[in-house]
2 protein chains.
Amino acid sequence: METILPKFDSVFSIDCVIFGFDEGELKVLLIERNAEPFKDWWALPGYLVEQDESLDTAAERILYELTGLKGIYMDQFYTFGDVNRHPQGRVVTVGYYAMIRLSGNKELKPVPVTDYARKAVWKPIAELPNLAFDHDQIFGRAFGKIRTRISYQPIAFELLPEKFTLTQLQHLYEVILNKKLDKRNFRKKMLNYGILKELDEKQRGVSYRAAKLYKFDKRKYARLFQKELSFGK
Amino acid sequence: METILPKFDSVFSIDCVIFGFDEGELKVLLIERNAEPFKDWWALPGYLVEQDESLDTAAERILYELTGLKGIYMDQFYTFGDVNRHPQGRVVTVGYYAMIRLSGNKELKPVPVTDYARKAVWKPIAELPNLAFDHDQIFGRAFGKIRTRISYQPIAFELLPEKFTLTQLQHLYEVILNKKLDKRNFRKKMLNYGILKELDEKQRGVSYRAAKLYKFDKRKYARLFQKELSFGK
DNA sequence: ATTACTTAGTGTAAAAAATACACCCTATCT
DNA sequence: AGATAGGGTGTATTTTTTACACTAAGTAAT
């Protein structure tokens with residue numbers, strides 16, 4: 001007996017939620033759609049997966065084509081499969097997210113393989129417009145994910161420039177966690193993690209006392225992942 | 001301009017990783033396949049999603065049809081989309097998991113809608129056979145998920161009978177975390193969570209001093225979710 | 001009834017981590 | 001020289017985590 005796979009009109013897609021941090025604001029990368037449905041709406045960068053590419057590969061390709069961002073490693077966070085989430089048929093979409101350094105990546109150059117999107121833009125999450133399809137929901141889940149994750153893994157570095165000050169780092173935490181933190185306790189804890197390398201360099205171009213710059217120590221960071229519930233011994 | 005969705009021969013499926021705890025062992029629910037490919041192999045309960053059902057609905061239905069377990073709430077944990085994961089074509093599968101009370105659910109009665117599976121069986125994870133497709137990988141990721149999750153959320157109750165002793169609870173933690181825990185510290189911590197209700201009842205049928213039974217207090221539990229990273233103030 | 005056996009149940013001291021809290025320092029600008 | 005703005009620092013208290021070992025209670029066998 002041999003089972004043959006049915007041929008459904010099913011299709012799957014990827015949607016990417018890319019977070020960036022710039023000018024003290026947390027931003028997300030959106031495209032302006034140039035195709036129906038939802039023509040002219042803002043949407044998360046996303047497109048259909050090809051037959052011969054894995055989800056991870058597709059995510060990287062799609063992000064590149066729509067925004068020009070190259071080689072961005074993304075994590076899958078959830079798959080959205082409501083029957084009517086796409087008005088033209090059944091489309092199950094796999095959500096991916098990444099937090100990236102925005103400096104140097106400010107220039108977005110979509111590869112014009114299609115006229116599917118008009119442009120890609122960084123939008124502050126504080127002023128997020130309504131998004132196409134169920135993208136509000138997808139964004140919300142991704143944001144929840146990074147908020148939870150930053151609470152037990154020091155992952156905020158991914159969003160900062162290579163060299164950053166402790167105050168910048170703290171601001172970022174405050175934006176994501178949406179609350180004020182105590183400066184001394186924050187510094188104590190961060191430095192205690194032992195994943196910051198103090199540099200011999202200072203901030204430049206500020207009109208007040210320049211702060212020390214730090215860099216994030218990848219090797220030590222790798223060891224730190226995941227605290228486990230402990231009951232002693 | 002109107003985009004029309006292409007008709008690919010793409011298909012998606014659900015695979016379920018259902019954990020149970022019985023006789024001191026952590027078990028997972030498997031089916032014995034009765035169809036090609038991988039006929040006669042053990043596999044996770046899983047099947048194709050219909051055109052007109054959401055992923056969550058499909059998961060519940062498929063689990064029911066293959067194992068007889070009804071109304072099990074499952075969480076989605078990852079979507080597997082390697083190009084060649086299914087020998088007959090492109091099948092992207094969405095992984096769901098649940099931890100359930102095994103008592104009373106011991107009787108598995110697959111609904112014989114297909115001859116796709118021969119039977120469903122609880123297998124101790126210590127003696128897991130090689131599974132069909134990439135189900136080893138799917139299982140592994142689900143197991144990692146519950147292990148991580150139990151480390152910061154007291155979710156182990158879902159696996160225990162309604163009334164349980166602290167020693168049973170500790171054994172379960174030890175099995176999932178794969179390490180010995182200290183009895184006094186474990187009890188102190190668990191009772192401190194304030195989500196256990198001590199009953200006026202004792203264990204029965206044991207040939208030694210009977211332990212007190214506890215019940216898990218749902219209301220208090222709901223408040224406990226997610227600790228946040230704190231920097232004071 | 002005594003004894004042997006098995007698991008239940010309990011407390012404390014030490015160390016580590018988290019918290020609350022406020023002032024002086026230093027570079028820049030005028 | 002003075003004003004401004006953010007940089008940078010310490011300590012005492014509380015809470016949490018950890019290490020560690022014996023007695024109590026019930027059952028079963030004689």
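Quick caveat: nothing in here was measured; it's all calculated off a predicted structure. Note: hydrogens, waters and symmetry copies are ignored here, and every other heavy atom, side chains too, is used. Numbers restart at 1 for each chain; the letters A, B, ... are given by sequence-line order, proteins then strands.
- Straight-line distance from the CZ atom of B:F186 to the C1' atom of D:dT18: 16 Å, rounded to whole Å.
- A ring-centre distance under 6.0 Å is not found for A:F216 and A:Y214.
- Straight-line distance from the CZ atom of A:R184 to the P atom of C:dA22: 8 Å, rounded to whole Å.
- As judged by a 4.0 angstrom heavy-atom cut-off over every strand, A:T167 is placed among residues touching the sugar-phosphate backbone only.
- Of the side-chain N and O atoms in A:K189, none sit less than 4.0 angstrom from OP1 or OP2 of C:dA17.
- For A:E162 and A:R101, the salt-bridge test fails: no basic side-chain N is under 4.0 Å from an acidic carboxylate O.
- What separates CG of A:N192 from P of D:dG10 is a distance of 14 Å, to the nearest Å.
- Residue B:K188 places no side-chain atom within donor-acceptor reach of the base of D:dT16, judged by atom type and a 3.5 Å distance cut-off alone.
- Side-chain atoms of B:D134 never come within 3.5 Å of backbone atoms of B:Q137 as a donor-acceptor pair (strictly under, hydrogens ignored).
- Scanning atom types as modelled, one donor and one acceptor separated by under 3.5 angstrom connect the side chain of A:N185 and the base of C:dA20.
- No cation-pi contact links B:R33 to B:F38, judged by a cut-off of 6.0 Å to the six-membered ring centre and 45° from its axis.
- For D:dT9, the OP1/OP2 oxygens have no side-chain nitrogen or oxygen of A:K183 closer than 4.0 Å.
- Summarising the geometry, the separation between CG on A:D182 and P on D:dT9 is reported as 14 Å, rounded to the nearest angstrom.
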Inset, instruction - Please step through salt bridge (Lys or Arg N to Asp or Glu O under 4.0 Å) for the pair A:E65 and A:R61, ending with a clear verdict. - result: CA-CA 6 Å; A:E65 289 178 358; A:R61 172 185 62 79; 3.1 Å; yes
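- Taking only side-chain nitrogens and oxygens, A:R187 comes nearer than 4.0 Å to OP1 or OP2 of D:dG8.
- In the region residues 205-214 of chain B, proximity to DNA chain D at under 4.0 angstrom, judged on heavy atoms, holds for B:V206, B:S207, B:Y208, B:R209.
- With hydrogens and angles disregarded, no donor-acceptor distance shorter than 3.5 Å links the side chain of A:E32 to the backbone of A:K119.
- Rounded to an integer number of Å, the gap from A:Q203 CD to D:dG6 P is 11 Å.
- Separating the CG atom of A:L169 from the C1' atom of D:dG6 is a distance of 17 Å, rounded to the nearest angstrom.
- No side-chain donor-acceptor contact under 3.5 Å links A:Q76 to the backbone of A:D56.
- If you take CG of A:L166 and P of D:dG8, they are 7 Å apart, rounded to a whole angstrom.
- With rounding to whole Å, B:Q170 atom CD is found 12 Å from C:dT7 atom C1'.
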